[in-house]
Amino acid sequence: MRASRTRSPRARAGLAWAAALPLVAGTLALGAPAADAAGHDGGRHALQGTKPQWATDQADQGAAADSTGVTARVYLAGRDAKGLAEYAKAVSDPHSAAYGKYLSPAQVRARYGATKDQIARVTAWLKKSGLTVTGTTNRFVTVKGDAAAAQRAFATDLHNYRKNGHTYHAPSATASAPGSVSDAVLTVTGLDNAPRFAQHHSAQLPPPSPVFRNAGPFSSYYGSRTNTGLPSAFGGKAPYAIKGYTGKQLRAAYGAKNWTGKGVTVAITDAYASPTIAKDADTYAHRNGDPRYRKGQLSQVLPKDYTHIADCGAAGWYGEETLDVEAVHAVAPASDIVYVGSASCQDDDLLDSLGKVVDGHLADIVSNSWGDVEANETPDVAAAYDQLFQQGAVQGIGFYFSSGDDGDEVAKTGSKQVGTPANSAWVTAVGGTSLAIGKGNTYQWETGWGTQKSVLSKDGDWTDFPGTFNGGAGGGTSKSVPQPFYQRGVVPDGLAKANGGSAMRTVPDISAVADPNTGFLVGQTQTLPNGKLGYDEYRIGGTSLAAPVIAGVQALATQARHGVAIGFANPAIYQRYGTAAYHDVTDHPLGAGRGLAVVRVDYVNGADAAKGTTTSLRTLGQDSSLHATVGYDNVTGVGSPGAGYVSSYRP
């Protein structure tokens, strides 16, 4: 089973909101005064992106009842949104005089946060409209009420629209705020009630029940075991997939040397929380040669209550947390890890988790193995994320997001697109590779993760070789986000301008192992075939693996800097482009025309041989329409960390 973090379809495709998210400002532009559909006079300021793309005339089912319930968040712009974005850039750019001159959370609030006056004016406006304020933070004001009050507040009618066979309410026109609060309001979310459910980016990620096991036979390192009786592929016999790489192998592959991440804290955000994470993580470390956890080395920050448990598939997120924690510890075994769980897989709750990291400065490195497709994102939500990423940047906090597990997304969504928030100009998008580690933990090669699958037939052939696309690292060119300064001169125009017109943000930035066929061994408590709970281990992959691996490598690099935070890392990552800091990953690491594949044997029922096994051939380095090429590419970015990457950060 492969899961990629894509929310329930929101059909917000085709939004042209580049102008609303300029590189410098990074926040929603407030439009010129305009009249509105709800009968208000002019003098208001449009909150771009609040009318979803799927709310079309063709889908319109008429006005929503005035009594329809609405719950919304009004995000606060703060006192200097433009200044925040400018300083986030300057403090992250190695060529800037302000590089590394980070601010404390208190300084960020004092310099850029919402003022008491702004909060008071926004609160008064919302209450006067008939909405009830249910919560206030330094970042947003939450309200609830009926549609009639929401329409008065935001000067737009709410209509019912058909979307994917369901009916949801949404604004019939762009929402707006009065001129009296235009300086205080960043955007509003929640005026439509279509579900936005995030999923994790992990290939081969099973829920805690039932148990998932790999069948074997396995290679202990890449190429160590081959069945010469199986049919050939690409002119030779393919080896069996490895059982799963462990920390010693990954550390050797990515140049860890003697660095351990000591003195560095890595935060991990996901939804929900595994009830057995502490025991599982320590058991895994003990069994697989990693140092045992110190007291307090692994901690959790959790919400009081959880919501949308069924909609989000809460149990499936247990394995995500387990992978992220164990991967970070495997690469950076001395780093502290703080897991910040979200109340659900919805944007507002995920933003709350990220906000806890920023407001409390819980870590300098934040690993996030979840994402959405760009067509489902809207400027209102993007603005809320970007504001948070910028606040983190000025504090010296870097955010790392997995790029996705479905290549160019055509097979899944019907159109080429990238993931989000990985598409943000303010985060590090982590792509994926297939990794070959040989005998003695020696790095052999990497290629871009892209798999085609063909099954062994009863006649002894690989059916429809090389088979159909089965998953690969996400990447490509954003339709929404302009090219950030750090990609100029590195990303080829053929990629940056792939959608026509001006240069745009290209994903990913950097990469690490993600292919589940050359993946990581993980240990987790699951429901065993006898119905009892028990610890078991299995191989896992996806860019959910790549993100925490890179986070771990960044912890090593931070230690190499004597604990000085790297912060938003992209300018430094691209500064090292073309040097020995990276493995330059390509589709054909062994030479042009030389294809690669592994043989994999799986239990039909995912647990044991009761219903037999199936044997398949999984190709490597064939990622949909994306290609890993010499130099920057849209599968692996600048490449994967090489032997000199960590040491390149030494003062």
A.B. asks: Do Phe218 and Tyr538 make the cut of ring centroids closer than 6.0 angstrom?
C.D. replies: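 Aromatic pair excluded; centres sit 6.0 Å or further apart.
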A.B. asks: Side-chain contact, heavy-atom cut-off 4.5 Å: Ile437 with Thr442?
C.D. replies: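 No, too far: nothing below the 4.5 Å cut-off.
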A.B. asks: Between Phe234 and Phe465, does the side-chain contact (heavy atoms from CB on, under 4.5 Å) criterion hold? Intermediate values first, please.
C.D. replies: CA-CA 10 Å; Phe234 301 117; Phe465 174 82; 3.7 Å; yes
A.B. asks: Just by distance, with hydrogens left out, do Ser369 and Asp324 show a side-chain donor and acceptor under 3.5 Å apart?
C.D. replies: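 Side chains of Ser369 and Asp324: pair found under 3.5 Å.
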A.B. asks: Examine the side chains of Thr451 and Trp449 and answer whether a donor and an acceptor come within less than 3.5 Å of each other.
C.D. replies: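 Yes - a donor-acceptor pair under 3.5 Å links their side chains.
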A.B. asks: List for me each residue that meets side-chain contact (heavy atoms from CB on, under 4.5 Å) alongside Thr137, sequence neighbours excluded, and say none if there are none.
C.D. replies: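 Thr137: side-chain contact (heavy atoms from CB on, under 4.5 Å) contacts with Arg139, Phe140.
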A.B. asks: Ring centres under 6.0 Å, that's the criterion: do Tyr645 and Tyr254 meet it?
C.D. replies: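 Ring-ring flag for Tyr645/Tyr254: false, centres at least 6.0 Å apart.
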A.B. asks: May I have all residue pairs that pass ring-ring contact (aromatic ring centres under 6.0 Å, His included) and include part of residues 395-414, sequence neighbours excluded?
C.D. replies: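 Sorted result for residues 395-414: Trp370-Phe401, Phe389-Phe399, Phe389-Phe401.
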A.B. asks: Counting only heavy atoms from other residues, nucleotides and ligands, does the tally under 6.0 Å from CG of Asn530 exceed 12?
C.D. replies: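 Atom CG in Asn530 is packed in, count exceeds 12.
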A.B. asks: Output all residues satisfying side-chain contact (heavy atoms from CB on, under 4.5 Å) with Thr71, sequence neighbours left out; order by chain, then residue number.
C.D. replies: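 Counting only residues at least two positions away or on another chain, Thr71 forms a side-chain contact (heavy atoms from CB on, under 4.5 Å) with Lys144.
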A.B. asks: Say whether Asp280 and Thr283, considering side chains only, have a donor N or O and an acceptor N or O under 3.5 Å apart.
C.D. replies: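 Note: Asp280 and Thr283 side chains miss the donor-acceptor criterion.
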A.B. asks: Side chains of Asp336 and Gln297 only: does a donor on one sit below 3.5 Å from an acceptor on the other?
C.D. replies: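 The answer is no; no qualifying pair exists.
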A.B. asks: Walk me through whether Val410 and Phe469 qualify under side-chain contact (heavy atoms from CB on, under 4.5 Å).
C.D. replies: CA-CA 11 Å; Val410 169; Phe469 179 68; over 6 Å; no
A.B. asks: Just by distance, with hydrogens left out, do Asp405 and Thr543 show a side-chain donor and acceptor under 3.5 Å apart?
C.D. replies: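 The criterion, which ignores hydrogens and geometry beyond distance, is satisfied for Thr543 and Asp405.
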A.B. asks: Is a side-chain donor-acceptor pair under 3.5 Å present for Glu446 with Ser640?
C.D. replies: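 Yes, side-chain donor-acceptor contact under 3.5 Å.
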A.B. asks: Is Trp462 reaching over with its side chain to a backbone N or O of Leu617, donor-acceptor style, under 3.5 angstrom?
C.D. replies: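 Not a single qualifying donor-acceptor pair exists.
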A.B. asks: Check this for me: does any side-chain nitrogen of one of Lys453 and Asp464 sit under 4.0 Å from a carboxylate oxygen of the other?
C.D. replies: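 A salt bridge is absent here (no side-chain N lies under 4.0 Å from a carboxylate O).
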A.B. asks: Side chains of Val553 and Val331: does their closest heavy-atom pair fall under 4.5 Å?
C.D. replies: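 The answer is yes; the side chains approach within 4.5 Å.
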A.B. asks: Does a donor on one side chain and an acceptor on the other come within less than 3.5 Å for Ser544 and Glu320?
C.D. replies: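 A pair is found: one side chain offers a donor N or O, the other an acceptor, under 3.5 Å apart.
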A.B. asks: Listed by chain and number, what are the ring-ring contact (aromatic ring centres under 6.0 Å, His included) partners of Tyr245, not counting sequence neighbours?
C.D. replies: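 Residues passing ring-ring contact (aromatic ring centres under 6.0 Å, His included) with Tyr245: none at all.
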A.B. asks: Please check if any side-chain donor atom of Tyr318 sits under 3.5 Å from a side-chain acceptor atom of Gln526, or the reverse.
C.D. replies: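 No, no side-chain donor-acceptor contact under 3.5 Å.
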A.B. asks: Assess whether side-chain hydrogen bond (donor to acceptor under 3.5 Å, both in side chains) is satisfied between Ser342 and Asp349, documenting all intermediate values.
C.D. replies: CA-CA 6 Å; Ser342 170; Asp349 290 327; 4.9 Å; no
A.B. asks: Please answer whether the main-chain N or O of Lys257 pairs with a side-chain N or O of Arg251 as donor and acceptor at a distance below 3.5 Å.
C.D. replies: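 Pair found, side chain donor or acceptor close to backbone of Lys257.
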A.B. asks: Looking at Glu537 and Arg287, is there a salt bridge between them, counting it only when a charged N and a carboxylate O are closer than 4.0 Å?
C.D. replies: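 Salt bridge between Arg287 and Glu537, a charged N being under 4.0 Å from a carboxylate O: yes.
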A.B. asks: When you check the side-chain N and O atoms of Asn227 and Tyr240, is any donor under 3.5 Å from an acceptor?
C.D. replies: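 Checked: Asn227/Tyr240 side chains pair up, N/O donor to acceptor below 3.5 Å.
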A.B. asks: For Tyr306, check ring-ring contact (aromatic ring centres under 6.0 Å, His included) against everything at least two apart and list the hits.
C.D. replies: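 ring-ring contact (aromatic ring centres under 6.0 Å, His included) list for Tyr306, sorted by chain: Tyr272.
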A.B. asks: Do we see a donor-acceptor contact under 3.5 Å between the side chains of Asn368 and Thr269?
C.D. replies: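 Present: a donor and an acceptor within the cut-off.
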A.B. asks: Salt bridge check: are Asp347 and Arg73 linked by an N-O gap of less than 4.0 Å?
C.D. replies: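 The answer is no: the pair does not qualify as a salt bridge.
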A.B. asks: Using 4.0 Å as the upper bound for N to carboxylate O, is an ion pair formed by Asp290 and Lys248?
C.D. replies: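 No, no charged N to carboxylate O under 4.0 Å.
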A.B. asks: Taking Arg618 for its side chain and Val599 for its backbone only, find out whether a donor-acceptor pair lies under 3.5 Å.
C.D. replies: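 Flag not set: sc Arg618 to bb Val599 has no pair under 3.5 Å.
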A.B. asks: Among side-chain atoms of Glu326 and Thr322, is any donor-acceptor pair under 3.5 angstrom?
C.D. replies: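 No, no side-chain donor-acceptor contact under 3.5 Å.
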A.B. asks: For Asp461 and Ser457, test the side chains for any donor-to-acceptor distance below 3.5 angstrom and give the result as yes or no.
C.D. replies: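 Result is no, nothing qualifies.
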A.B. asks: Are Tyr284 and His329 near enough that their ring centres are under 6.0 Å apart?
C.D. replies: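 Aromatic pair excluded; centres sit 6.0 Å or further apart.
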A.B. asks: For Ala610, give me all partners under side-chain contact (heavy atoms from CB on, under 4.5 Å), at least two apart in sequence or on another chain.
C.D. replies: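 side-chain contact (heavy atoms from CB on, under 4.5 Å) list for Ala610, sorted by chain: Asn605, Asp608.
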